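All remarks here apply to the structure that follows.
Because the structure is a prediction, the values reported are computed rather than measured.
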Amino acid sequence: NILITILFHIGLGIVAFIYRPIMILYLLGMISYFLIRIAKGKNKFLEVLIAAAYVTGIEVFLRMTKAYFLYETGKYLVILFIVVGLFYDGFKMKAYLYLLFILALIPGVLITYDTISYDENFRMSILFNLSGPLTLFFVALYTYGKKITYKDFLKILNFLVFPLIAMTVYIFLYNPDLRDIITNTAASSAASGGYGPNQVSTVLGLGVFVLFARLFIPYHKKLIQFLMMFILAAMTYRGILTFSRGGVLVAGIMMVVFLISFFLFTNLKSKVNSVFKIVGVFGVLFFIWTMSLIQSGGLIENRYTNKDALGREKDDFTSGREEIINTELTAFFEHPFLGVGVGSMKSIRLEETGIAAATHNEVSRMLSEHGLFGIFALLILLIVPIANNPLGLKNIYFYPFLLFWLLTISHSAMRIAAPAFIYGLGLITITREKKNTLHRK
């Protein structure tokens, strides 16, 4: 079944490249398929998370191919599936702490309402800026304190990766040879399937991490393992060549943290085998980096060493994010209690500095737009999961997933559903499958 699904998504990437409008029909079919699957499935918790994982994986691909009815379709669908799950099996009472998180955001909404009144701008501002936190709230409410077997957890991660395979194929077809289109060290939409390199890099980095972990928790069939490792190399290669560093660097940090957890919790034989695998990873990574240098004419090295196309050192490593963060911190110090209101920072920044860009940092946005209530909300998101699983023993993916959420919202805000959904996955307790035992009299 996995092999057929992989081949199907390779075909999906090809078909989407040949006739992009087909993805609108695919979106409708996808929604219907997962709703039916949830309704018929015996394990509602598993089926709901499979549906949400698939939407999380395909969200950027849908945006890339213009296959959405609303820009935030991906987040709304994740919320839809989670609400269906809440209807079927509810949530654990100890998840009430996340209700405090969502309540802490209400004062910022009231400030915005008082500032610009209720009109189309108000609705758009609220929906755009709070769709990410709302997605996180519903996913965390649903997953906190729940248990799932290792086998089922890995199945969820498979459904996260499948649509990323289709997107990777599409990106390769969109621009197979990058030597003519890469002329500077800026993040390249042409090398990212014609879409925002920041978001593409983020989800490809997530896919790279998930498949990297399967190098140490391998698939049972060798053919599947080999094919997935080849896809891992392809994702890494195109992720690097987006020239957007955030997703790639976050994936690297997640890998290191995962390896630390893996070495702490496994036996000696697994540790020895892992050492050989790590050596192999470095060899493959060296080959991928060499190919990236050739394709970019050496510019990718300049990008990661913070130099321009001529090799001159850049003053700002953050690609303009530092100035945006400074305006948000200034707004926080001027309005420390309630903040300036949800969605108000963009217009304030434009008026004061002439910069029309939206924030890339959810942490500084929470401070500026929600004030002390924003700090309270962030502390809930950090303290609750760590207090529940301080050593990461309940879920080997816990700390890598928590870091993905924190680091991603720090460089890409919550533009996509991935940080919210991955945060929720980290809250799940993974259990071992019970082996059948024979009782003798």
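Using a 30° and 60° split on the angle between ring planes, Phe401 and Phe209 fall in the perpendicular class, above 60°. Between Phe34 and Phe159, the ring planes lie perpendicular to each other; the angle is over 60°, past the 30° to 60° tilted range. The aromatic rings of Phe212 and Phe258 lie perpendicular to each other, with more than 60° between the two planes, well past the 30° mark. Tyr170 and Phe61 have perpendicular rings, their planes meeting at more than 60° on a 0 to 90° scale where under 30° would count as parallel.
Two residues are said to be in side-chain contact when any heavy atoms from C-beta on lie closer than 4.5 Å; Arg214 and Leu154 meet this criterion. Side-chain contact between Leu402 and Ile386 is present, with at least one heavy-atom pair separated by less than 4.5 Å. At least one side-chain heavy atom of Val200 sits under 4.5 Å from a side-chain heavy atom of Met167. Taking 4.5 Å as the limit, every side-chain heavy atom of Ile325 sits out of range of all side-chain heavy atoms of His360. Within the 4.5 Å cutoff, the side chain of Ile18 has heavy atoms near those of the Ile14 side chain. Considering only heavy atoms from C-beta on, Leu99 comes within 4.5 Å of Tyr96 through its side chain. Contact check for Glu72 versus Leu127: no side-chain heavy atoms found under the 4.5 Å cut-off. Using a 4.5 Å heavy-atom cutoff, the side chains of Ser274 and Phe262 are in contact.
Looking at Lys44 and Glu47, no side-chain N of the basic residue comes within less than 4.0 Å of a carboxylate O on the acidic one, giving no salt bridge. By the 4.0 Å N-to-carboxylate-O rule, Glu59 lies too far from Arg415 to be salt-bridged with it.
Across every non-hydrogen atom of Pro385 and Ile380, the tightest pair is CD-O, 3.9 Å. Annotation for Leu86 and Phe138: closest pair CD1-CD2, 4.0 Å, computed over non-hydrogen atoms. Summarising the geometry of Gly205 relative to Ala251, their closest heavy-atom pair is O-CB, 3.3 Å, with the distance given to 0.1 Å. What you find for Ala377 and Ala104 is that their closest heavy atoms are CB-CB, 4.1 Å. Considering every non-hydrogen atom in both Pro419 and Thr408, the closest pair reads CG-CG2, 3.6 Å. Taking both residues in full, the closest heavy atoms of Met345 and Ala331 are given as SD-CB, 3.4 Å, listed atom of the first, atom of the second, then distance.
A distance-only check finds a donor-acceptor pair linking the side chain of Asn389 to the backbone of Lys394 [under 3.5 Å]. Proximity of a side-chain donor or acceptor of Ser364 to a complementary backbone N or O of Asn361 within less than 3.5 Å is detected. Thr242 places a side-chain N or O within donor-acceptor distance of the main-chain N or O of Gly239, the cut-off being under 3.5 Å. In terms of modelled atom types and a separation under 3.5 Å, the side chain of Thr185 and the main chain of Arg303 share no donor-acceptor contact. With Asn395 contributing its side chain and Ile430 its backbone, the two residues share no donor-acceptor pair below 3.5 Å. One N or O on the side chain of Thr143 and one on the backbone of Gly424 form a donor-acceptor pair closer than 3.5 Å. Between the side chain of Lys75 and the backbone N or O of Thr56 there is no donor-acceptor pair closer than 3.5 Å. No donor-acceptor pair under 3.5 Å is formed between the side chain of Arg245 and the backbone N or O of Tyr304. Listed for the Thr327 side chain is a donor-acceptor partner under 3.5 Å among the backbone atoms of Ile324. In this structure, the side chain of Thr429 does not engage the main chain of Lys147 through any donor-acceptor pair within 3.5 Å.
Aromatic rings of Phe45 and Tyr142 (six-membered ring for Trp) have centroids within the 6.0 Å cut-off, being under it.
The ring-ring contact (aromatic ring centres under 6.0 Å, His included) test with Tyr98 singles out one residue from Phe91, Tyr144, Phe137, and that residue is Tyr144. Of the residues listed (Val248, Ile171, Val60), the one engaging Leu204 in a side chain to side chain contact (heavy atoms under 4.5 Å, CB included) is Ile171, and it is the only one. When the options Thr135, Val139, Val55 are evaluated for a side chain to side chain contact (heavy atoms under 4.5 Å, CB included) with Ile79, the one that passes is Thr135. Results of the side chain to side chain contact (heavy atoms under 4.5 Å, CB included) test with Leu27 over Leu77, Ile58, Thr65 single out Leu77 as the only residue that passes. Partner Tyr397 forms a ring-ring contact (aromatic ring centres under 6.0 Å, His included) with one of Phe153, Tyr150, Tyr423 and no other, that one being Phe153.
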Inset, instruction - Output, in order, the C-alpha distance, side-chain angles, deciding distance and verdict of side-chain contact (heavy atoms from CB on, under 4.5 Å) for Leu178 and Ser296. - result: CA-CA 7 Å; Leu178 303 176; Ser296 65; over 6 Å; no

Inset, instruction - Would you check, one step at a time, whether the test side-chain contact (heavy atoms from CB on, under 4.5 Å) holds for Ile428 with Leu49? - result: CA-CA 11 Å; Ile428 298 173; Leu49 291 182; 3.5 Å; yes

Inset, instruction - Could you give me the CA-CA distance, side-chain angles and deciding distance for Val208 and Met255, then say whether side-chain contact (heavy atoms from CB on, under 4.5 Å) is met? - result: CA-CA 9 Å; Val208 166; Met255 291 175 193; 3.1 Å; yes

Inset, instruction - Would you please test Tyr54 and Leu160 for side-chain contact (heavy atoms from CB on, under 4.5 Å) and show each step? - result: CA-CA 5 Å; Tyr54 193 87; Leu160 176 69; over 6 Å; no

Inset, instruction - Check step by step if ring pair (Phe, Tyr, Trp, His ring centres under 6.0 Å) holds for His370 and Phe332. - result: CA-CA 8 Å; His370 297 276; Phe332 168 69; over 10 Å; no

Inset, instruction - For Lys94 and Asn388, run side-chain hydrogen bond (donor to acceptor under 3.5 Å, both in side chains): C-alpha distance rounded to whole Å, both residues' side-chain angles, the deciding distance at 0.1 Å, then the answer. - result: CA-CA 10 Å; Lys94 54 186 177 181; Asn388 182 57; 4.6 Å; no

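Atoms CG and CG, on Leu367 and Leu372 in that order, are 9.0 Å from each other to the nearest 0.5 Å. Atom CG in Leu232 sits 11.0 Å away from atom CD1 in Ile165 (nearest 0.5 Å). The CZ atom of Phe128 sits 13.0 Å away from atom CG of Leu70, with the distance rounded to the nearest 0.5 Å. How far CD1 of Ile294 is from CH2 of Trp289: 12.5 Å, rounded to the nearest 0.5 Å. The CG atom of Leu299 sits 11.0 Å away from atom OG of Ser188, with the distance rounded to the nearest 0.5 Å. Note that CD1 of Ile348 is 6.0 Å distant from NE2 of His335, once rounded to the nearest 0.5 Å.
The number of heavy atoms from other shown groups lying within 6.0 Å of NZ (Lys277) is above 12. Counting heavy-atom neighbours within 6.0 Å of Tyr76 OH, excluding the residue itself, gives a total above 12. More than 12 non-hydrogen atoms from other residues, nucleotides or ligands lie less than 6.0 angstrom from CZ of Phe263.
Cation-pi check for Arg63 over Tyr71 is met; the charged atom lies under 6.0 angstrom from the ring centroid and within 45 degrees of its normal. Stacking of Arg238 on the aromatic ring of Phe172 is recorded, both the 6.0 Å distance cut-off and the 45° axial limit being met.
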